[in-house]
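This report refers to the structure that appears directly beneath it.
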Amino acid sequence: MKRYFRELSVAAALALLLLVLALVAPSFFSPQPLLSRLTAQTPSLVVAVGMALVIICRQIDISVGSQFGVCAVVAGLLAAAGLPLPVVLFTSIGSGMVMGALNGWLVAGLGLPSIVVTLATMVTWQEALRLFQQGKFVNLPPGTQWFGLRQLGGQTALICAALVLLALAAWAMKNLAAGRFIYAVGTDAEAARLAGINPRRTTLGAFTLLGALTGLAAVMNVVQSPQVQPTCGAGLELKVIAACVVGGVAVNGGRGNLWGVFAGLLLLAMINPALTSLHVEAHWEKAIQGLVILLAVVADGLRTRRSRR
Amino acid sequence: DKKSDSSSAGNSSDGKKLTIALLPKSKGNQYFATVEKGARAAAAELGVELIYDGPTNTDPAKQNEIVEGWVNYGVNVIAAACENREGISGALKAAQEKGIKIVTYDSDTTPDARSFFVNQATAQGIGETLMDTAAKLCGEEGEFAIITATLTAANMTEWRKNIEARLAAKYPKMKLVTTKPCDDQKDKAQAEATNILNAYPNLKCIMAICSPAVPGAAEAVKQAGKAGVVKVLGLGLPSENRQYVKDGVTQAVILWKVEDLGYLTIQAAVAAAKGTLKTGDKTFTSGKLGAMEIQDTDIILGKPFVFTKENIDQFQF
Amino acid sequence: MNPVLQLTSVTKSFGAVRALKGVSFDLRAGEVHALLGENGAGKSTLIKVITGAHQPDGGSIDINGERVGHLTPASAHKLGIACIYQQPALFPDLTVAENIGLRLEKTRSFARVDWPARRTRAAELLQRIGAEISPEAEVCSLSMPEQQLVEIACALGAGARIVIMDEPTASLTQKEQQLLFAVVRELSASGVGVIYISHRLEEIFALADRVTVLRDGESVGTNAAGELNETQLIQLMVGREVSHIYPPAEGAPGEVVLSLKNLGCTAGGVRSVTLDVRAGEVVGLAGLVGAGRTELARVLFGITPADSGEILLGGKRVSISSPREAIAHGIAYVPEDRRRHGVILEMPVAHNITMAVHHALFPGGWLRFGAETELAQKFIRDLGIKTYGPDAPGSSLSGGNQQKVSVARWLATKPKLLILDEPTQGVDVGAKSEIHRIIRALAKDGLAVLMISSDLPEILGMSDRIAVMRSGTLTAMLPGKSDAHEVMAAALGKEAA
Amino acid sequence: MNTFLKRLLARPEAILFFVLVAEIVFFSVAGRNFNTSDNVANIVRHSAEIGMLALVMMPIILTGGIDLSVGSLLGLCAVIFGVFTHEWKMAMPLAAALTLGVGAMAGGVNAALITVLRLPPLIVTLGTFSLFRGLAEAITKGTMTYRDFSPEFIALGRERWMGLPLQGWLFILIAIGIAVLVHRTTFGRAFRAIGFSPEGSRYAGLPVQRRIAFTYVLAGIVAALAAIVFTARLRQARADAGTGYELQAITAVVLGGTSIFGGVGTVGGTLLGIASVAVLTTGLKLIPAIALAGIGSELGSLLTGALLILALAGGTLAKSLAVRRSRRQSHAAPKPTITT
Ligand SMILES: Nc1ncnc2c1ncn2[C@@H]1O[C@H](COP(=O)(O)OP(=O)(O)OP(=O)(O)O)[C@@H](O)[C@H]1O
Ligand SMILES: Nc1ncnc2c1ncn2[C@@H]1O[C@H](COP(=O)(O)OP(=O)(O)OP(=O)(O)O)[C@@H](O)[C@H]1O
Ligand SMILES: [Mg+2]
Ligand SMILES: [Mg+2]
């Protein structure tokens, strides 16, 4: 209970928000819009899972938005060229892995600070993509949306896939040696080295995995509509990092829980829809969003303040 | 209050190529990429050098910086699409004082800061066309919502004002329920449209006034199973909306011929620099487009064009 | 008998500092081989070479008769080397069980973690060394000595053929020390080679079979422990005679400087402490690990402020709620955890030394580099801090020298009351007697000293009076020249026999 | 002399200094009108606000913190300044002074959440990043723009004194102030100590929370000042002012060699970081081939990214080379002095 206070307080904030909606705007819970909303969050959730690993490893990756854009355009162009979906999927994941591994190599191999490295790769991929695509949408062939399934089937499939992935990752972080290595390296890389863990390989792995998940997420985004916008990753990094830190992942590594990240993401993602449902005017949205982020963590701050020794 | 129009004609007469700088509101955006295409065609035709640069995201301060950089670089004409009407006028006026011709296109600055405005449609024209089309689609009554790029975008603010003015004046039975920003993101527009559809069950129409928002809103309506029930219209490119228009999800896409806008802008810029286009002229003959009407200092490209199911296949941009 | 470990002419430099200048060393199965030397002699560096934490610049390493090329912590682990580092290399955010598990398990990356087995094993190991620590506790909530116990559990459980202990007892008290000794004897009886580093010579004589002495990165020879007496050993280490006699108290104590009345702090586990410390007096504070001595010091220094009772300074009642207030009242505190609290490793020695005297040294907040260097140099000279200069970062100093820097910082404040928490942990004999001499000299000048130490001889030798703590309260106040048994009995809560 | 040079070269800023010199030489040759006073004035005007933010971001990063809210705060202060001058009809100096007060208060909000509640700076300023921008939008309903400022005020954005734009002088003043603070006072010493080890600093009796709070309040005040300069330069105040500036400021700071983990960094390095980005992005646009290809902005961003990696990797590489060299020499080197 004490250990998971942050996660629980975020979950409580989310529950409170949903409760208010249930009372004031019950139509919020009608199935179709809810399903569409949740489906729209699946790519972010997948990226957030990877980002959580990287942050727990005491690193950060702010290039995921750009990576996401590149992967989405790659996937879109391949799909438009008529290649089958598995090829599209694996190429996108592969591109993500390559970009993630590059970050990982620069960080772990050369020992550069990750925020600087990924700041650099962020602008690199973003500008390269801008020069290459000039903002042009990629129109996809008809069978691509929802993997060629019906809308309901496609949405269910995406949500299930994302949740299964989340559960698997959460299980692995707790029960696989590799997951524990990430925690260990994030807590103290030197101690990890002395314990016989290879911090470089662990860090490289975390970045590569984040890249792969970003590639996967890009495809999950691409199949949701008949066209790809090249700037579709803009702002994604901020969103998933916010979800992680609000969800209780410690920015200086070693602590965090993927279910907390899930709660954090849902909380952040539900603010805007909630405000619309409560008929709050748009120019209040950002301010309220900021307030909710602060309030969600203030509870935690008050608690630690009281119990500080 | 404008200087003599022949001041920079010497540049072309001494044999040096004219340098025209074209400023988009933002780069890496298909609308302005299409403008650039038209502009490059005109530049090649006229044998002038074309510089194309702009902020990589819509940033009014960056536009000023780029203009000031061009003044120092020594361009002959600046053709600008102004993110920010007043914000950029200072920089443009300073450029004028250095003898640089200023032409604006797409969205204007204050009249004293430029010679001509290549007018594809006035803010008033756009606002009224949007509102009138929406009213027609809804049968002049019911709720509608707007999706814009950001709440602060200057031209969209102008359009919204005109939409609201038209609404107040002509359509008392219609009601604007909400205006949401989408940050020029299709996916965010889709999310916002989903929310709006959910929060306002009686909604008749969504009006998307930035181009990524049109397909975004259409996808939301489609997913909600309300195609045709809730009408979608907006300002956008035919290529991004073709399928939705054909499927009857989007009823109307409004735009002008974007490539021609770029073409005409460069034609006018060069003519203004050479002195063949002067204040007070009533028409302007521009290459392949032929004679264009000039109202005061506005060169009129033509009325906004409404793309529908019937005509959308004729346009490829 | 073939040595399990053989080092030949190993060299290692850090920048311009030559920490090892060709050291040869061997370890036999089943022996306890003590490694001795002054602070900065190169002991820790040598063992880090053995564990693969540092790459040697030259020389060779043979393990079990085989030459090993590139040694990493992981491969050393596989070769059966386990180590308790001088600075606990634990993961503060993880639980004790997991810390032990990570150190002991040799799993592949994608193997599954067996949590129940981990917990059972951790609990069993902790019990074997007699530590009362929950396997579920997070390491960051453990005190320094408790962390050391966890380290010992790791080394014990590794099933290694070579176990290295770098000052394992630096902050342990008699009780844990005895438990540790039992562990070491058990290990060597089962054929494990143990390398044991300590500055407490009595431990060497109690445990070691052979002794190797390092001086300035060179080995000055290996001897059987029985062949040497204490004086000879010190002579070998320091290269000269050092009288290891505690300086005598001079003059009678003056006024009461610090007076505690039923002081308590629930968060820190201190319950109703009543104590007087006079000017010119050294009061030793003894107790077992977890007795609450460090906590008492932290209360006095305003880190975990008191919530009951009174603190009187010079007769006046004060409340201390932050270290700044404590400093303003003339209290100085040399903390127990040198790495986290005592020195800032990344900062130069000079900055570390002047850190608590900004107000006095830099009037108006303006840095005066000349004055700062001068002050730093004075302490480097006076305390014999081995460093290439005031600009050297703290991390480049050996553990003992870091401790001296930590002491220097507080001497610079010219306090009225000096609280020392394990002041000579990890300090070599020469420096130790130097620190003792300084403490005495300060007391003579009217300073009141409260000295927490787990080194019983030190307590007995230095204290004018000995206060003994047990579970957060003062259980006995003994005169300076008490008997060790009396102190231990009070600490353990038994009536003196 | 030789060792002095070596020590100079070993500093992380050295590489940046050479990059800057190389940029200037290259653009003087290859760029059009690069070496003009107009261009210098442009560079100064265009980077003054981001530069100010970078300067105050530096002490924050030195303490191991970060402030993502400075760009949003710039927007909020610009809007509030507009409200003061236009809606409340205040005199310009009073409005400016009050705006600085608002900046200080906003910085104080960050400071309070970080130091009193001990929340991580990244989360707190992520929250206020939204909150401040959101307040600016709420005040203006997103659409309102304050314009028509008095000519005297606008002069602050345009005029030059002794060849340098006025905001350039302001920037220099702030730079000197921060440099003195960081390098010559006990404040700077405390920032570093806190950045290395907040716990250790507390045990040394440093007023850790007060010093941390100070950096955020200072950032708030300077962000407000930057807002006023920005308003004067653009002649208008709107809720979107300063969007994205936080990232550019952080870029300049880390490029200048300040460690994102705290403790390490110099103001000189930060200034070099600001200058090398400003010169690079401006200079590229003055190269005719690049201007005509229409890729000036993209290339500017790309090369800034490359520069980031280069400056850091270069520093690391140089250090490891230096270590290797000194290791080779150490066999001949004299013993370190040992005091007993
Ligand atoms: N990482 C490092 N960088 C630079 N110098 C170092 C480093 N580690 C150790 N040294 C230097 O190497 C020498 C040997 O240090 P080492 O830690 O091995 O001493 P030690 O014998 O363990 O001393 P102590 O008894 O104080 O622990 C010292 O002069 C020390 O300053
Ligand atoms: N940083 C800490 N966080 C949480 N609990 C602690 C911390 N430090 C000590 N404790 C707990 O407080 C109690 C008192 O420990 P303390 O360190 O004061 O003992 P001590 O008498 O100083 O013994 P020693 O000096 O030998 O450690 C112990 O039970 C310990 O577990
Ligand atoms: Mg050592
Ligand atoms: Mg203690």
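So that the names make sense, note that chain A is the first sequence line, chain B the second, and so on, each numbered from 1.
Only the backbone of Leu90(C) comes within contact range of chain A, with at least one heavy atom under 4.5 Å from a heavy atom of that chain. Interface remark: Ala192(A) contributes backbone and side-chain atoms alike to the contact with chain C (heavy atom separation under 4.5 Å).
Among Val113(C), Asp114(C), Asp93(C), the residue with the largest count of heavy-atom pairs under 4.5 Å with chain A is Asp93(C). Chain A forms more heavy-atom pairs under 4.5 Å with one residue of Ala74(C), Ser109(C), Pro92(C) than with any other, namely Ser109(C). Your options are Ala172(A), Ala250(A), Ala178(A), and the one with the most heavy-atom pairs under 4.5 Å with chain C is Ala178(A). For the set Arg201(A), Arg180(A), Glu190(A), the entry with the most heavy-atom pairs within less than 4.5 Å of chain C is Arg180(A). Top candidate by heavy-atom pairs under 4.5 Å with chain C, chosen from Ala184(A), Gly205(A), Gly253(A), is Ala184(A).
Shown here is Arg161(C), whose CZ atom has no more than 12 heavy atoms of other residues, nucleotides or ligands within 6.0 Å. Remark: Lys174(A) NZ is packed, more than 12 non-hydrogen atoms of other residues, nucleotides or ligands lying under 6.0 Å away.
Using a cut-off of 4.0 Å between Lys/Arg side-chain N and Asp/Glu carboxylate O, Glu105(C) and Arg118(C) are scored as salt-bridged.
Two residues are said to be in side-chain contact when any heavy atoms from C-beta on lie closer than 4.5 Å; Thr45(C) and Phe14(C) meet this criterion. A heavy-atom distance below 4.5 Å is not found between the side chains of Glu336(C) and Arg298(C).
Ring geometry, Phe301(C) versus Tyr333(C): the interplanar angle falls from 30° to 60°, so the pair is classed tilted.
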